[in-house]
Amino acid sequence: MLVRLLRLCAGLSAMIVLVIVAFLVRESLPAWRSVGLARFVTDASWHPAPDASEGTFNLLPMIVGTLLTTAGAVLLAGPLGIASALFCRYYAPPMLARPYRMMIELLAGIPSVVYGFWGLVVLVPIIAGIAQPGASLLAGILILSLMILPTIALVADAAIGSVPQESLQAAAALGLSRWGTMAGVVLPAARSGLLTAVILATMRALGETMAVLMVCGNVVQLPGSLFAPVRTLTANIALEMAYAMGDHRSALFVSGLLLMGLVALLVAAAEIASRTRPSLRQA
Amino acid sequence: MPVIWNGLSVAFAVLVLCCGIACTPGASSSQAENTNGSHLSGRLTLTGSSTIAPLMAEIGRAFEAQHPDVRIDVQTGGSSRGVADCRSGLADIGMVSRALKEDEQDLQPFPVAKDGICIIVHQDNPVRELTDEQIVAIYTGSIDNWKDVGGSDGEITVVNKAQGRSTLELFLHYFHLNNTDVAADVVIGDNEQGIKTVAGNPQAIGYVSIGTAEFDAGQGVPIALLPIGGIPAGTAAVAEGRFPLSRPLNLVTREEPTGLAATFIEFARSSDVHDLIRKQSFVPLAE
């Protein structure tokens, strides 16, 4: 009975994913047909229209926007998150480590729209003081880093915590310094867990919509600098879906499918990363 | 493949069920109000402007609560579809978010509300008046510094709306612009985001629905509403039809409406729905 119930639940969740993909494919078909693959990267701009022949459909600036904000955030939050986990496990006295970990957990629970709102009323005006218009690639990267930092910190913390005690004792017996233990034993042993942390965070950054929409400026362009506004694929869908019709609507589903593909790639990467268990190198 | 379609239909069934559950309390609670009035039943189809559709969906819900046997079906597709469907009889009522054109005089317009937008700048910006030409120049990028329009030295941050928004349409239409001509620095979605963007940036200029701007300025948000053509921006001026950057939101019918359609139009024009109209940041008609 229980087994059946579990099977049903598992089947249902698997099917929901398939149904969503099928739906995305079906809804994006009109755009594949009437706009065609090439125009999504060769058109002059993104000024979509319900009729494919009247609009322009270049998705490239938004793909670049998504990749830049995500990459920037992961580059910033990755080292910080892993450093935070190391600090929590090996440097902080227990009196500090516990409340610190709770703070990070709290950070993970804040809804994205709150981050976005904070970004819009605090961060963007600060950046605008340096260079107009304030709403920019930089603002997006900073907000996203803040949002994915707790994901990385918490998963990395768990990964570091599961390094076998014997390895640590062996390192201590060899007389390794604290830093030597971390660089030579802890980090290599926890490598797959750390990679999983980064990949999970990347997926969150890719899919984030509200916060990015509020701080990025949403101008469809290849950004010339960190202070230039960008639009991400997710923000584009959120901004235009309610009003889109015909081929325009269908083109938005194409960008949805694209995001889904990116996430699928990352899931595959995470799967490979968690499967390979590198043996401890000799420290 | 059939598995997927089965899944789809299951998901759809669940959705329909949820909607059904969500709708029931509203319908049952109002049964009492209806006992003394004449009993209305049937289905009313409205199609047209995506600006008016959300408002009509709200008004339709309120109407259904009073008349449990009535279904109001609201579909979007633009003002021109509203006109076409109304003529062909596909829709009982069309929704048109502009004044009727000369060749549309065969239809009967019933204005339900007004939509007005105003230009906003930060309160600390000394500029309090811009001519239409200056606004066009700023939005097309040929003026890029506040000192060129009487302000202090500083780059102008142009805030534009995302494609498809009715405020964008009205703005472009009034200033005879194409969206491709606009050199935007920030693109925003809804009115609140526009107001926060301008309130947080003393060098920004934007445009939003007049109702929202007036409300927020009254709440102490640091924005200033600029006049258009010398007429101060405000919902009162819009309601009286004096404000140039505004348009009527019309329901249209092919013939003089009767029965259910007439009752619904009367309801949509009554003061009962003024709250709903204000909630969508439109301006109710003057009493």
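All values derive from a computational prediction rather than experimental measurement. Any value given below was found using the heavy atoms of this structure, including those in side chains, with hydrogens, waters and symmetry copies removed. Lettering of chains follows the sequences in order, A, B, ..., and the numbering in each one begins at 1.
For a heavy-atom cut-off of 4.5 Å, chain B lies close to A:Leu213, A:Met214, A:Gly217 in residues 201-217 of chain A. When the heavy atoms of residues 251-264 of chain A are compared with those of chain B, none of the residues falls under 4.5 Å. Among the residues in residues 116-126 of chain A, those with a non-hydrogen atom closer than 4.5 angstrom to a non-hydrogen atom of chain B are A:Phe117, A:Leu120, A:Val121, A:Pro125. Contacts with chain B (heavy atom to heavy atom, under 4.5 Å) involve these residues of residues 127-147 of chain A, listed by number: A:Ala128, A:Gln132, A:Pro133, A:Ala135.
Of the two parts of B:Asn201, only the side chain, counted from C-beta on, holds a non-hydrogen atom closer than 4.5 Å to a non-hydrogen atom of chain A. Residue B:Ile188 touches chain A through its backbone alone, counting heavy-atom pairs closer than 4.5 Å. Proximity to chain B is absent for every atom of A:Pro50, based on heavy atoms less than 4.5 angstrom apart.
Two residues are said to be in side-chain contact when any heavy atoms from C-beta on lie closer than 4.5 Å; B:Val112 and B:Met56 meet this criterion. Counting only heavy atoms from C-beta outward, the side chains of B:Met95 and B:Leu251 approach each other to under 4.5 Å.
The closest side-chain donor-acceptor pair between B:Asp73 and B:Gln75 falls under 3.5 angstrom. For A:Ser45 and A:Thr56, the side-chain atoms include at least one donor-acceptor pair closer than 3.5 Å. Donor-acceptor pairing under 3.5 Å is lacking for the side chains of B:Thr140 and B:Asp181.
B:Asp185 contributes a side-chain N or O that, together with a main-chain N or O of B:Val158, makes up a donor-acceptor pair within less than 3.5 Å. In this structure, the side chain of A:Asp51 does not engage the main chain of A:Glu54 through any donor-acceptor pair within 3.5 Å. Counting only distance, with no hydrogens or angles, the side chain of B:Gln203 and the backbone of B:Thr157 share no donor-acceptor pair below 3.5 Å.
Ring planes of B:Tyr207 and B:Tyr139: tilted class, angle from 30 to 60°.
Taking the charged nitrogens against the carboxylate oxygens, A:Glu240 and A:Arg231 do have a contact shorter than 4.0 Å, which makes a salt bridge. Ion pair B:Arg98/B:Glu169 not flagged as a salt bridge, since none of the NZ, NE, NH1 or NH2 atoms sits closer than 4.0 Å to an Asp/Glu carboxylate oxygen.
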